[in-house]
Amino acid sequence: MKSVRCVDLCKTYRQGDLEVTGLDHVDLEINEGGFVCLSAPSGGGKTTLLNAIGGLDTPDSGEIYLAGDRIDNLSKGELAEMRLHQIGFVFQAYNLIPVLTARENVEFVMEVQGVAAASRRKRSLELLEEVGLGGLGDRLPAQMSGGQQQRVAVARAIASRPALVLADEPTANLDSQTSDQLMELFVELNEHHKTTFVIATHDQRVMAYARRVIHMLDGRIVDDERRDEA
Amino acid sequence: MGDMKIVLRLAWRNLWRNHRRTLIMLAAIVVGTWAMIFMTALMRGMVDEMVKDGISVLPGHVQVHHPDFRDDPTISNVIGPPSGELLEALRRPEVVAWSTRVRVPAVISSEQDTRGVTLVGIDPDQERGVSFVADDMTEGRFLESPDDKGLVVGRKLVEKMETDLGKRVVIMTQDPENEIADRGFRIVGIFDSKLDQYEEGFVFAGQGTIQNLLGVGDAISEVAILGTDYRDVEGLTRRVADAAGADTEVLPWNEIDTYLGSMLAVMDGFVIVWIVVIFLALSFGLVNTLVMAVFERVREIGLMLALGMTPRSILTQIVAESTLLLVLGLAIGNLLAWATIEPLKSGIDVSIVGEGMEFFGAASVLYPALYLKDVVLANVIVIVLGFLASLSPAWRASRYDPVRAITQVE
Ligand SMILES: Nc1ncnc2c1ncn2[C@@H]1O[C@H](COP(=O)(O)OP(=O)(O)O)[C@@H](O)[C@H]1O
Ligand SMILES: [Mg+2]
């Protein structure tokens, strides 16, 4: 079973009179348990592709399957349900809810899912420890650095043990040491829980952890570099 | 919805995010609620006094007449004095007092002037319990018995007719055969009334004296009955009607004096209009605050949607935020209204402005009347309309595009 399958995805944005290519006939299959990097220069279409796979944005044409189920024709409500239960997200620009503490942010997805308070709490404390934020659980996002916020977002993305994690430049705000810690965490989750990771990045250090790197340019896949079966 | 707890927590935290804005809006709701309830209590108090005074002037709560009396209030349409079942009904505890009256149109002449009035023959002992006249004598004495030969008139009439206490006047009216019946009376007492029309339009004499003058034996025009509460006269009216039999017409005060009767209904309508008007003023602020709050939060609302929170939960969150604010404002507003009305219960002296108000039948001391139904109405209107007003910004928030929220770089 493929974790992700994209068939001939196209997406064009309109900026005034200009037509901008977001995705240009993208075909892609990612195995369950894969650890894949999407690499492209800025504007290459990484975010557009992640949003399409994550059911946040619909392509103009093409088909998307997650774990074998077609998602590009689902309703908004069905997509929300799907995102809540199947995907962990780390977004590029904006990740945390300002009125919730670090711990509450980590627990957010679990709480919306209806996970009991006790197990939520246990998991969030464990994860905050793991991303190096033990003791900072009661801080509000505004009281944390960009890197700390990013790690809270990562903890939230994996908290509910989703089958698929989509991370959009997760290390953009992190120093190299923290960024290595984070990637090691991803690798560990990938190996132990068979969680599939798709990570958009243009950071070479991140790509070093990947078993497959898909290179994009102007919305097209230009190279698919498989380091082992993924 | 399983995520109700987090939805409410988010609503509550977001409410206190912009302290200043929330406190200003809260103050507006508090003041608005206070104004709704306080002003309503004042107006209720005023109208209650007017109605009570109006009832005490003559109508009582329920009256028994000849069926034709209202169309033709002359001595031709009379009934016998209460007896049998009716008398029994009048002795029940729900009847506080009752009196019989002979009532005819008449002309009164002094040396200077002649005027049309309503001549009322009363039994002074009975009448004391029902209407105002005995308490409002300012000069001379009240009638002493049904056979009293004196006449009690209003202060205004005395002035207009340039007569005075102790002087003689002539009363002229028609007997049942349409023959002129007239008699001289000495003015033995002068009364004051809150309503000029009563001072000018009504004169009182002994009931027996008038029955003699008209040659009608013991026939009377009406029985006026006072119950325990003027707002609840339906039952009393029905029971008196059953006892009085078919040859009579039994009516409650609000059908006898339709002006007074409509006053209460008009007041009910006015209270609703008043509450809604204040609410509308409030709702502009409320909707504006919400629109602003929602607009500022495009990104985090988009984020919540992206993470899989349903649009419905977002909608609930915004509505909950507005409802929390309203409930808080209402609670404080209600308390404030109660705290300001309670010390004024013993009456507010408005005699300075009261002079001009007498024309409308208003009293010079105002007793605010806090009715539970008005308080409930104000609260229900604010909550229900507030809920409806917040739906539009909440709906807008629930339609936000998650992609815009998460890709837009600040
Ligand atoms: N909402 C949008 N409106 C218009 N153009 C967009 C929008 N989002 C992305 N684009 C354009 O689509 C192209 C791909 O963007 P994106 O997927 O964000 O690239 P990346 O994430 O690799 O930097 C870029 O040229 C970008 O300008
Ligand atoms: Mg991007």
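Since the model is a prediction, treat every value here as computed from it, not as a measurement.
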Is it true that [X] and [Y] have a side-chain N and a carboxylate O under 4.0 angstrom from each other?
X	Y	result
B/Arg13	A/Glu104	yes
A/Glu32	A/Lys2	no
A/Arg120	A/Glu111	yes

TODO: Verify whether one side chain among A/Gln15 and A/Tyr13 offers a donor that lies under 3.5 Å from an acceptor in the other.
DONE: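 No, because no side-chain N or O of A/Gln15 sits under 3.5 Å from a partner of the opposite role on A/Tyr13.
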- [ ] Would you tell me whether A/Glu107 and A/Ser124 have side-chain atoms, one donor and one acceptor, within less than 3.5 Å of each other?
- [x]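 Judged by distance alone, the side chains do pair up.
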Open item on the list: Taking side chain as everything from C-beta outward and backbone as N, CA, C, O, which of these in A/Leu100 sits under 4.5 Å from a heavy atom of chain B? Side chain, backbone, both or neither.
Closed with: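 Both parts, backbone and side chain.
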Task: Region of A/Asn51 in contact with chain B, defined by heavy-atom distances below 4.5 Å - done: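 Just its side chain gets close to chain B.
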Open item on the list: Taking every non-hydrogen pair under 4.5 Å, which of A/Ala80, A/Gly55, A/Gly54 racks up the most with chain B?
Closed with: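 Highest number of heavy-atom pairs under 4.5 Å: A/Ala80.
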- [ ] Using a cut-off of under 4.5 Å on heavy-atom pairs, state which of A/Val109, A/Thr47, A/Asp168, A/Asn95 scores highest against chain B.
- [x]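 The candidate making the most pairs under 4.5 Å is A/Asn95.
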Task: Choice from B/Glu300, B/Arg17, B/Arg297 maximising heavy atom contacts with chain A below 4.5 Å - done: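 Counting heavy-atom pairs under 4.5 Å, the top option is B/Glu300.
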- [ ] Counting only heavy atoms closer than 4.5 Å, note whether B/Arg9 contacts chain A via side chain, backbone, both or neither.
- [x]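 Side chain of B/Arg9 only, per the 4.5 Å heavy-atom cut-off to chain A.
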